[in-house]
Amino acid sequence: MEKSFNPKDFEEKWAKFWRENRFFEADENSNKPKFSMVIPPPNVTGVLHMGHALVFTLYDIIARWKRMQGYDTLWLPGTDHAGIATQVVVERKLKEEGKSKEELGRKEFLKRVWEWVEQSSRTINYQLEKLGCSVDWSRYKFTLSEELSKAVRHAFVELYREGLIYRDYYMVNWCPRCHTALSDLEVEYREEKGKLYYIKYPFKENPQEGIVVATTRPETMLGDTAVAVHPQDERYKEAIGKTLVLPIIGREIPVIADDAVDPEFGTGAVKVTPAHDPDDFEIGKRHRLPMVLVIDDWGKMTPQAGEGFAGLDRYEAREKVVEKLKEQGLLVKVEDYTHNVGHCYRCGTVIEPYPSWQWFVRTKPLASPAIKAVEEGKTRFVPENWTKLYFHWMHNIRDWCISRQIWWGHRIPAWHCRDCGHITVSEEEPRVCEKCGSSNIYQDEDVLDTWFSSALWPFSTLGWPEDTPDLRRYYPTDLLITGFDIIFFWVARMMMMGLHFMKDVPFHEVFINGLIRDEHGKKMSKMAGNVVDPLEMIEKYGADALRFTLAVQTVPGMDVSFSEGRLAGYKAFANKIWNASRFVVMNYQGESTEINPARLTPFDKWILHRVSQVARQTNSSLREYRFYEAAERLYHFIWHEFCDWYIEISKLQMREDKENTMAVLINALEAILRMLHPFMPFITEEIWQRLPHQGRSITLTPYPKGDEWEFPEVMEDVTLFMEVVSEIRKIRSENRINPREKIRVSVSLGNHFLSLHLKEISALVGASEVLIGSSFGKGFKGVVKGGEIFVLPGKEMDLEAERQRVEKELKKLEREIEKLAKRLSMPGFREKAPAHVVKKTEEALKEAEDKKQKLEEYYRSL
RNA sequence: GGGCGGUUAGCUCAGUGGUAGAGCACUGGCCUUACAAGCCGGGGGCCAGAGGUUCAAGUCCUCUACCGCCCA
């Protein structure tokens, strides 16, 4: 094996090997139990970021683990066409070329998007492979493919026929830049400093007097058709029913009473603009107020806004309205006002409430079964506190606006009749209007919200609406891993659609991972310039190290602070594994790998026992999605037990019984590699292939269950052995005894085990002589449980250093004794604490006092 | 306004009522034939604050402060 570890030498090789051998393809005819997951399809907007790397790493750990546990495992990959997001990206690219999508036209524009998709999905799939994701490429899906589009049309038509999809003229969130409606979820609210304008609307009868209204959007006053007050508001009792004259425009508008008015806000009187405010829209409906549209779908003022305003941008109009009001003396005052302003989640433009014809999903009937399923435990959130959020949202769900006025997406399968106005909804393109038979029909221009197709993902990808073997076998899926930010967008909607169409939940468990942050806990963002590119990290440290870093930081319910320093640390870990394996491989000369139980030393038994223990613990950590716990334990065990102790001891054992020691080394290492494989697939495969092995790939081997080796009887002896060695090393080090200088050691413990392993002790501490069960009675002294240790240096003793060391040691013991004694003397402790705790405390105190006494005697003698 | 997290070593974070942990950073000594990306040692904590429950609290309860996120 090469001395230096270089992930680049083998990562690509194994990714290719796995793929070409189709190890990760699920088998719908398998007799094994199935385990299935669908990937959260990345948007084809560009490249994968660290958040993806995290989610996909966790997926892959589970996928590989389950596969090795003997499940027919499906991890289905795919990408999402990401309607608006992708359209925005391609538009931006066109702009760089000095073109617009309108110039190109719908058909040509879509061609350009498809080209982009081609390129982007290639990049994404390349990145997945780089990361080591064990997905089933033969089942790769794209939300806008022919196949999935069919599922989307089918779902739409069914829901429409059941009355769960309807079309309505309604106030929606409108992005004037993207020129489309958005769902409530696609609006991001940001706190902004604005102004609150107080405007006086004079009475028609008595223009000297008037009602003052407060608004943050004075430009909308041009579209006002009433002023509303709360019916119980004493201040305005007299005014209700009177007529006001709308400044600037001169329109006569009534004063009306409505419960929706908050008497606490502003002056208690509000202007009503039914066409440009969702609340006013409702008030307008209740009072049959006219709608005057003064802002158009591009955010510009309409002719109805009046001369001098028509054609102006909405913000220019705001200034001009304020100016005019000032001139007319009707602007009473202006206050600073902080409020939440809605922005388009894709392009950031301020959202305009805009009434228009849109398609909606009636969500209430779909939400109830989705709530029930979680209540009944058919789907479980991990960590479970997300359940609450899910319930809260589901109980307060509003109808879902699913139409988008963009070009990139699933065209709505509805045809309008120019003759009778009827809408024909159909999976296949109709030739005539189903009502009047006219052939003068045209398809609805709108496309569906991208999340509509995402909602079908767990079953549309398996062949639905066809009754396929995949669908029968792999639905419901077992696990979904995703960020909390898309619980509403995606998880909730998959639940609704899955239960509706498949009559069963789409997944049994949902693991909600945290957000990726930078090493100081700040959210990664392009603006902050703290974005870390996973590919770059793979390039620098290897995919295994990146994966391990992400896994070890994944604590359920917590965000992940990504630190390059830590990543470097886990690359060092990979290197450690490399070199430990190198040691094994270098020493291996074709001996039998069969362990002879009769020839096992206590150290062999110890490491094998530990391998089993760690395997059991790792399985149980993974079962509960405690990735950090599994990863951390493997790290510690491999480095600080297998490498630091067992390999060192094995060097000595090999002089006595090379064959059996080699067998233990190989068996232990091989089990370690298998345990580690889900976390670090590349390096484990590379090493496994270099060890004597059976089979074609480590990925096809069984995951250690931890039932193979069981030797609890040696644990206590080996632990004492380690304690003694550590104590001697400490004495050495603190007394500045040069490592090359041989020492002589006596241990006053009549311990059979220790006396059988003098050689090991000598080697590990650098001693020329070790006495067990007797005492030199001189030299540097240390104490372990029940005994004393003397260390005689080859040269003269440096008493000053020794005094300092013992003083330090004594202080530590005193602190411990104080603590333990205090606890024992606490009233009630002896009576109420469990016996084993009392006993343990007493023993600890006795041991500490014993040690202290021995050291004190020694200190006086120095 | 409502809700959810968090506050533990210099930094990033684990911690399951019973003697406070890890990685990195710091520090002393070692190129010991797997590994200097290493080895052997060491130092470093009123567990945000205040009450309470308990024989026993970083851990459970209440309140406060600060930081962060979500919803309205």
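Per chain, numbering begins at 1; letters A, B, ... match sequence-line order. Remember, it's a predicted structure, so these values are computed and weren't measured experimentally.
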**Item:** G-U wobble or Watson-Crick pairing nucleotide for G5(B) (cut-off 3.5 Å, both distances)
**Value:** C67(B)

**Prompt:** Hey, does the side chain of K576(A) come within less than 4.0 Å of C39(B)'s phosphate (OP1/OP2), counting only N and O?
**Reply:** yes

**Request:** For D644(A) and C35(B), give me the distance from atom CG to atom P, rounded to whole Å.
**Result:** 15 Å

**Proximity to the side chain of R566(A) - top-ranked nucleotide from G23(B), G42(B), A34(B)** = G23(B)

**Item:** A37(B) phosphate, OP1 or OP2, under 4.0 Å from K540(A) side-chain N/O
**Value:** no

**Message:** When the C1' atoms of G15(B) and C30(B) are compared, how many Å lie between them, rounded to an integer?
**Reply:** 34 Å

**Request:** Give F5(A) one of three labels, base, sugar-phosphate or nothing, depending on what nucleic acid heavy atoms sit under 4.0 Å from its own.
**Result:** base

**Item:** Interatomic distance, F627(A) CZ vs A22(B) C1' [rounded to whole Å]
**Value:** 20 Å

**Message:** Looking at S733(A) and G28(B), is any side-chain donor or acceptor paired with a base atom of the opposite kind under 3.5 Å?
**Reply:** yes

**Item:** Integer angstrom distance from the P of C4(B) to that of C60(B)
**Value:** 15 Å

**Request:** Taking only the side-chain heavy atoms of K832(A) (C-beta and beyond), determine which of G43(B), C35(B), C55(B) contains the nearest atom.
**Result:** C55(B)

**Request:** Could you work out the separation of G41(B) and C46(B) based on their P atoms and round it to a whole Å?
**Result:** 27 Å

**Request:** Please evaluate the base of A22(B) for a donor-acceptor partner in the side chain of E629(A) within a cut-off of under 3.5 Å?
**Result:** no

**Item:** Any donor-acceptor N or O pair under 3.5 Å, side chains K658(A), Q653(A)
**Value:** no

**Prompt:** Counting side-chain heavy atoms from C-beta on, which of C30(B), U19(B), G42(B) comes nearest to E816(A)?
**Reply:** U19(B)

**Prompt:** Among G41(B), C69(B), C4(B), which nucleotide sits nearest the side chain of K388(A)?
**Reply:** C4(B)

**Asked** With both distances under 3.5 angstrom, what nucleotide forms a Watson-Crick or G-U wobble pair with C26(B)?
**Response** G42(B)

**Asked** Does the ring centre of F637(A) sit less than 6.0 Å away from the ring centre of F642(A)?
**Response** no

**Item:** Atom-to-atom span, CZ of F780(A) to P of G41(B) - whole angstrom
**Value:** 17 Å

**Message:** Heavy atoms only, 4.0 Å cut-off, all strands: where does K819(A) land among base, sugar-phosphate and nothing?
**Reply:** sugar-phosphate

**Prompt:** Rounded to the nearest Å, what distance is computed from the CE atom of residue M50(A) to the C1' atom of nucleotide U12(B)?
**Reply:** 15 Å

**Request:** Answer yes or no on whether K576(A) is positioned over the face of F5(A), meaning its NZ or CZ is under 6.0 Å from the six-membered ring centre and within 45° of the axis.
**Result:** no

**Prompt:** Going by atom types only, do Q553(A) and Y628(A) share a side-chain donor-acceptor pair under 3.5 Å?
**Reply:** no

**Prompt:** What nucleotide, of G15(B), C55(B), C35(B), holds the atom closest to the side chain of V555(A)?
**Reply:** G15(B)

**Request:** Would you mind reading off the distance between I737(A) atom CD1 and G29(B) atom P, rounded to a whole angstrom?
**Result:** 15 Å

**Item:** Whole-Å distance separating the CG atom of L820(A) from the P atom of U19(B)
**Value:** 9 Å

**Request:** Using the C1' atom on both, measure U7(B) against G49(B) and round to a whole Å.
**Result:** 11 Å

**Prompt:** Between A580(A) and F488(A), which is nearer to the 5' end of RNA chain B once each is assigned its nearest nucleotide?
**Reply:** A580(A)

**Prompt:** For C71(B), does either OP1 or OP2 sit under 4.0 Å from a side-chain N or O belonging to R398(A)?
**Reply:** no

**Request:** Tell me whether the OP1 or OP2 atom of A37(B) has a side-chain N or O from W639(A) closer than 4.0 Å.
**Result:** no

**Item:** Counterpart base for U59(B), defined by Watson-Crick or G-U wobble contacts under 3.5 Å
**Value:** none

**Request:** Indicate whether OP1 or OP2 belonging to G18(B) is found under 4.0 Å from a side-chain N or O atom of K840(A).
**Result:** no

**Residue whose nearest RNA chain B nucleotide is more 5′ - S726(A) or N575(A)** = N575(A)

**Prompt:** How close or far is atom C1' of G23(B) from atom CD of E632(A), stated in whole angstroms?
**Reply:** 8 Å

**Asked** With a 6.0 Å cut-off on ring centres, are F488(A) and Y390(A) close enough?
**Response** no

**Message:** Nearest to the side chain of K812(A), heavy atoms from C-beta on, is which of A34(B), C30(B), G43(B)?
**Reply:** G43(B)

**Prompt:** With a 4.0 Å cut-off on heavy atoms, is R732(A) in touch with a base, just the backbone sugar-phosphate, or nothing at all?
**Reply:** nothing

**Request:** Indicate, with a heavy-atom threshold strictly under 4.0 Å, whether K651(A) touches base, sugar-phosphate, or nothing.
**Result:** base

**Message:** Regarding R830(A), tell me which of base, sugar-phosphate or nothing describes its non-hydrogen contacts under 4.0 Å with the strands shown.
**Reply:** nothing

**Item:** OP1 or OP2 of G23(B) under 4.0 Å from side-chain N/O of H640(A)
**Value:** yes

**Prompt:** Base, sugar-phosphate, or nothing for I647(A), non-hydrogen atoms under 4.0 angstrom?
**Reply:** base

**Request:** Can you spot which of W386(A), F484(A), F627(A) makes a ring-ring contact (aromatic ring centres under 6.0 Å, His included) with F511(A)?
**Result:** F627(A)

**Separation of E2(A) CD from N6(A) CG (nearest 0.5 Å)** = 9.0 Å

**Request:** Test the R610(A)-W639(A) pair against the cation-pi criterion, namely NZ or CZ under 6.0 angstrom from the six-membered ring centroid and within 45° of the ring axis.
**Result:** no

**Message:** How many whole angstroms separate atom CG of N738(A) from atom P of G29(B)?
**Reply:** 11 Å

**Asked** Nearest to the side chain of P834(A), which nucleotide is it out of A14(B), G18(B), C71(B)?
**Response** G18(B)

**Message:** Below the 4.0 Å mark, does G15(B) have OP1 or OP2 next to a side-chain nitrogen or oxygen of Y628(A)?
**Reply:** yes

**Asked** What is the pairing partner of A20(B), taking Watson-Crick or G-U wobble pairs with both distances under 3.5 Å in any strand?
**Response** none

**Request:** Return the nearest nucleotide to the side chain of R729(A); candidates are C40(B), C35(B), C30(B).
**Result:** C40(B)

